[in-house]
Novice: 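One structure, pasted below without further comment.
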Amino acid sequence: MTLDDCRPCYAEEIEQVANMTSPPLATWIGALDLKSGDRVCDMGCGVGSYTAIMAEVVGPAGSAMVAAADGATFDPGGCDATLINAGVTHLRTLWLNRLREGGRLVAPQPSRQHPDWARALWPGLCAAPAAIRPVSLRSPRSSAAVSLRDPGTGSPACAATRTSRKNRACSTRRASAWAARLAICEAEFVMSTLQNRQFKLTSRPVGMVKRSDFDFVTTPAGEPGPGEALVRVLYLSLDPAMRGWMNAGKSYIAPVGLGEVMRAGGIGRVVISNDASLAVGDTVVGGTGVQDYAIVKAKELTKVDPRLAPLPRYLGALGMPGLTAYFGLLDIGQPKEGETVVVSAAAGAVGAVAGQIAKIKGCRVIGIAGGPDKGRYVVEELGFDAAVDYKNEDVRAGLARHCPKGIDIYFDNVGGEILDVALSLLARRARVIICGAISQYNNRESIQGPRNYLSLLINHGRMEGFVVFEYAARYPEGVQALAGWMLGGKLKAREDVVEGLETFPDTLQKLYRGENFGKLVIKVADA
Ligand code: NAP
């Protein structure tokens, strides 16, 4: 589209800009710093009035293009300046790559004048491989002449160039292509390559998992393909099962391959979506891996409402551990009112929920946990009837005291010695739920099996294992029940939040040492 095409229709707007009666528009175009002969693209403009104005500024030696709608499929070719407009829902990396040396890209920041669509655009801008970070908000609000200043030196228009020189990770071609100035009206920004820190498994751990079993690397976040989303990870779930996923060999899920990003569940925010089911800004739970940014198939992400519960809770009582407790106890344990239920790792993510559901179902509940604080917590806070401190007392004597008629249901999270003790105290027709065996996960030798299994024969009992993923089709039922109990004050939850992705291997060890108190999560970024 040329100026001649536009001028008849947009004479009024051209006049407005010339007279500065439309300050935001004047500011945006001013920030582009157009010169005669520039090639400029107006993205998502729709009507082309700004294009007409820019065409006038670049003059007959230059050219101005307009990309209608959101410009999703539009390749502008090499550009000196690009203006992002209201039709654009998120920034395309292509547009950054098409900026010529010294090019400028201007996009509005959310503000009073243009609140909603700019807010939607914003996460996309921050997720672009050439990300834009706010530095200050020295606002030239009413001025048409935006002066972009390096936040460090104060010298004009060099922030991006300086930053891209620092970013030696960029290829030379990219670094020079992005030695362009990216401006956001009413703010100043520096450009940096979007960094994705990742923990990759490099060796199969022997015994306790160690930092040296991983490489902590930084790579560009990449771009999601069709049907995928780029998710900014906010919190990561740390689960005992992670240790098993690091082992070679057959399990209920394939092992994490050497060189692969360590598998993990996480909650995060969608920053780019290439699927109609997800919008930028949605909060989602899914398999993100131990990293800052994850590219995940949209159909493998579950949207959650961040206003209903603190985000880490969706990884704990309202997430996979809560569902594990729900289906394990109710489906396999089938508790009946008045029965005696024993839960090990009772202060943990799964155990705390299992015990509370057993209470909701009218059972007597005894928790086994390490240390007096956890024992007090499950009794005084969660409403268990009693606790046995396996680190400081004889478990057999404690359970025998609290379960005079024997154990009807044992919800086993730990295996090993404690499982054997529980087996020796079973009531008739008891159910033993094999949920996990954390005491065995870091064994250098083979797993210790139960010696007292003949108690099942004597008591006509049943021992059954399960994996929560088998219940995927029924997750909505489980989540609804758990959320209902939580809203009704019958289900309490606690999270143990450790700051910093970089702490991952050391934080994971806390689980196997019993150093976590509640659902263990890593906070990766601010929500
Ligand atoms: P968690 O209970 O929040 O944390 C693990 C706890 O285990 C520690 O805090 C510690 O508590 C206890 N523990 C660690 N080493 C122990 C040992 N040697 N002996 C006794 N207790 C020990 O973890 P979670 O996420 O809720 O997981 C609990 C169990 O459920 C794990 O075995 C896990 O693998 C299993 N799980 C199974 C499924 C499934 O689908 N079947 C799904 C999720 C989880 P103390 O301080 O009390 O010792």
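The chain is numbered in sequence order, starting from 1. All ligand and atom numbering here is 1-based and tracks the order in the structure.
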Novice: Measure the distance from atom 44 (C) of ligand 1 to every protein heavy atom, then report the residue, atom name and distance (to 0.1 Å) of the closest one.
Specialist: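 The closest one turns out to be V350 CG2, 3.8 Å.
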
Novice: Just need the protein heavy atom nearest to atom 46 (O) of ligand 1, so name the residue and atom and give the distance.
Specialist: K374 NZ, 2.5 Å

Novice: Got more than 12 heavy atoms from elsewhere within 6.0 Å of NZ, K210?
Specialist: yes

Novice: Could you tell me, atom by atom, which parts of ligand 1 come under 4.0 Å of a heavy atom of A369?
Specialist: 47 (O)

Novice: Indicate yes or no: does R307 engage D305 in a salt bridge with an N to O separation below 4.0 Å.
Specialist: yes

Novice: Checking a contact table here: which protein heavy atom is nearest atom 17 (C) of ligand 1, and how many Å away?
Specialist: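 Answer for atom 17 (C) of ligand 1: S439 CB, 3.7 Å.
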
Novice: Below the 3.5 angstrom mark, is there an N/O of N413, backbone or side chain, next to an N/O of ligand 1?
Specialist: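 Yes, there is a polar N/O contact under 3.5 Å.
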
Novice: By the definition salt bridge (charged side-chain N to carboxylate O under 4.0 Å, His left out), identify the one residue from K405, R431, K361 that meets it with E339.
Specialist: R431

Novice: Please determine whether a side-chain nitrogen of the Lys or Arg among K492 and E381 lies less than 4.0 Å from a carboxylate oxygen of the Asp or Glu.
Specialist: no

Novice: Mind checking whether C435 has a heavy atom under 4.0 Å from ligand 1?
Specialist: yes

Novice: Check for me whether R494 meets the cation-pi criterion with Y377, that is, NZ or CZ under 6.0 Å from the six-membered ring centre and within 45 degrees of the ring axis.
Specialist: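 Positive - R494 is close enough to the ring of Y377 and near enough to its axis.
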
Novice: Give yes or no for whether the N/O distance cutoff of 3.5 Å, strictly under, is met between G351 and ligand 1.
Specialist: no

Novice: Starting from atom 13 (N) of ligand 1, locate the nearest protein heavy atom and write down its residue, its atom name and how far away it is, to 0.1 Å.
Specialist: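 Protein heavy atom with the smallest distance to atom 13 (N) of ligand 1: I438 CG2, 3.5 Å.
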
Novice: Can you check which of G322, A349, A325 brings a heavy atom nearest to atom 3 (O) of ligand 1?
Specialist: A349

Novice: Would you compute the distance between atom CG of L382 and atom CZ of R376 and round it to the nearest 0.5 angstrom?
Specialist: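 L382 atom CG to R376 atom CZ measures 13.5 Å (nearest 0.5 Å).
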
Novice: Does the Lys NZ or Arg CZ of R232 fall within the cation-pi geometry relative to Y293 - under 6.0 Å from the ring centre and within 45° of the axis?
Specialist: yes

Novice: For F466 and Y471, take the angle between the two ring planes, folded into 0 to 90°, and tell me which bin it lands in: parallel under 30, tilted 30 to 60, perpendicular over 60.
Specialist: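 If you compare the ring of F466 with that of Y471, the planes turn out perpendicular.
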
Novice: Taking heavy atoms and a distance under 4.0 Å, where does P321 meet ligand 1: side chain, backbone, both or neither?
Specialist: neither

Novice: Using 0.5 Å steps for rounding, measure from the CG atom of L330 to the CZ atom of R474.
Specialist: 8.5 Å

Novice: Would you say Y441 contacts ligand 1, with heavy atoms under 4.0 Å as the rule?
Specialist: yes

Novice: Name the closest protein heavy atom to atom 10 (C) of ligand 1, giving the residue it belongs to and the distance to 0.1 Å.
Specialist: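 Going atom by atom, the protein heavy atom closest to atom 10 (C) of ligand 1 ends up being G514 CA, 3.5 Å.
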
Novice: With a sphere of 6.0 Å drawn around NZ of K510, does it hold more than 12 non-hydrogen atoms of other residues, nucleotides or ligands?
Specialist: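 Check passes, neighbour count above 12.
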
Novice: Would you call the rings of F469 and Y252 parallel, tilted or perpendicular if under 30° counts as parallel and over 60° as perpendicular?
Specialist: tilted

Novice: Can an N or O of P240 be found at a distance shorter than 3.5 Å from an N or O of ligand 1?
Specialist: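 Checking ligand 1 against P240, no N or O pair falls under 3.5 Å apart.
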
Novice: Is there a polar contact, in the sense of an N or O pair closer than 3.5 Å, between N516 and ligand 1?
Specialist: yes

Novice: Does K200 pair with D215 as a salt bridge, N-O distance under 4.0 Å?
Specialist: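 Between D215 and K200 there is no salt bridge, as every charged N stays at least 4.0 Å from the carboxylate O atoms.
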
Novice: Starting from atom 2 (O) of ligand 1, find the nearest protein heavy-atom neighbour and note its residue, name and distance.
Specialist: G348 CA, 3.2 Å

Novice: Checking the N or O distance criterion of under 3.5 Å, is ligand 1 in contact with K519?
Specialist: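 No, no N or O pair falls under 3.5 Å.
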
Novice: L511 and D239: which non-hydrogen atoms are nearest, and at how many Å?
Specialist: CD1-C, 3.5 Å

Novice: Does an N or O anywhere in E515 fall below 3.5 Å from an N or O of ligand 1?
Specialist: no

Novice: Can you report which non-hydrogen protein atom sits closest to atom 47 (O) of ligand 1, along with the distance?
Specialist: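 Minimum-distance protein heavy atom for atom 47 (O) of ligand 1 reads G370 N, 2.8 Å.
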
Novice: Minimum heavy-atom separation for N247 to P255, with atom names?
Specialist: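 Closest approach of N247 to P255, heavy atoms only: O-CB, 3.0 Å.
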
Novice: Does ligand 1 come near enough to I434 that some N or O of the ligand is less than 3.5 Å from an N or O of the residue?
Specialist: no

Novice: Give yes if a backbone or side-chain nitrogen or oxygen of I418 is under 3.5 Å from a nitrogen or oxygen of ligand 1, and no if not.
Specialist: no

Novice: Starting from atom 14 (C) of ligand 1, what is the nearest protein heavy atom, named by residue and atom, and what distance separates them?
Specialist: L511 O, 3.3 Å

Novice: Do any nitrogen or oxygen atoms of M320 lie less than 3.5 angstrom from nitrogen or oxygen atoms of ligand 1?
Specialist: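 Such a contact does not occur with ligand 1.
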
Novice: Is there a heavy atom in A437 that sits closer than 4.0 Å to ligand 1?
Specialist: yes

Novice: Looking only at distance, does R513 have an N or O less than 3.5 Å from an N or O of ligand 1?
Specialist: no

Novice: Tell me, do Q198 and T218 make a side-chain contact under 4.5 Å, heavy atoms counted?
Specialist: no

Novice: Taking the minimum heavy-atom distance to atom 22 (C) of ligand 1, which of Y252, Y512, Y390 ranks first?
Specialist: Y390

Novice: Is L520 close enough to touch ligand 1? Criterion: a residue heavy atom under 4.0 Å from a ligand atom.
Specialist: no

Novice: Can you list the ligand 1 atoms lying under 4.0 Å from a non-hydrogen atom of V468?
Specialist: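 Numbered from 1, ligand 1 contributes 39 (C), 40 (O).
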
Novice: Hey, does the side chain of Q334 reach the backbone of D331 with a donor-acceptor pair shorter than 3.5 angstrom?
Specialist: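 Judged by distance alone, yes, a pair lies under 3.5 Å.
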
Novice: Would you mind finding which of N443, T324, D373 brings a heavy atom closest to atom 38 (C) of ligand 1?
Specialist: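 Comparing heavy atoms across N443, T324, D373, the nearest one to atom 38 (C) of ligand 1 lies in T324.
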
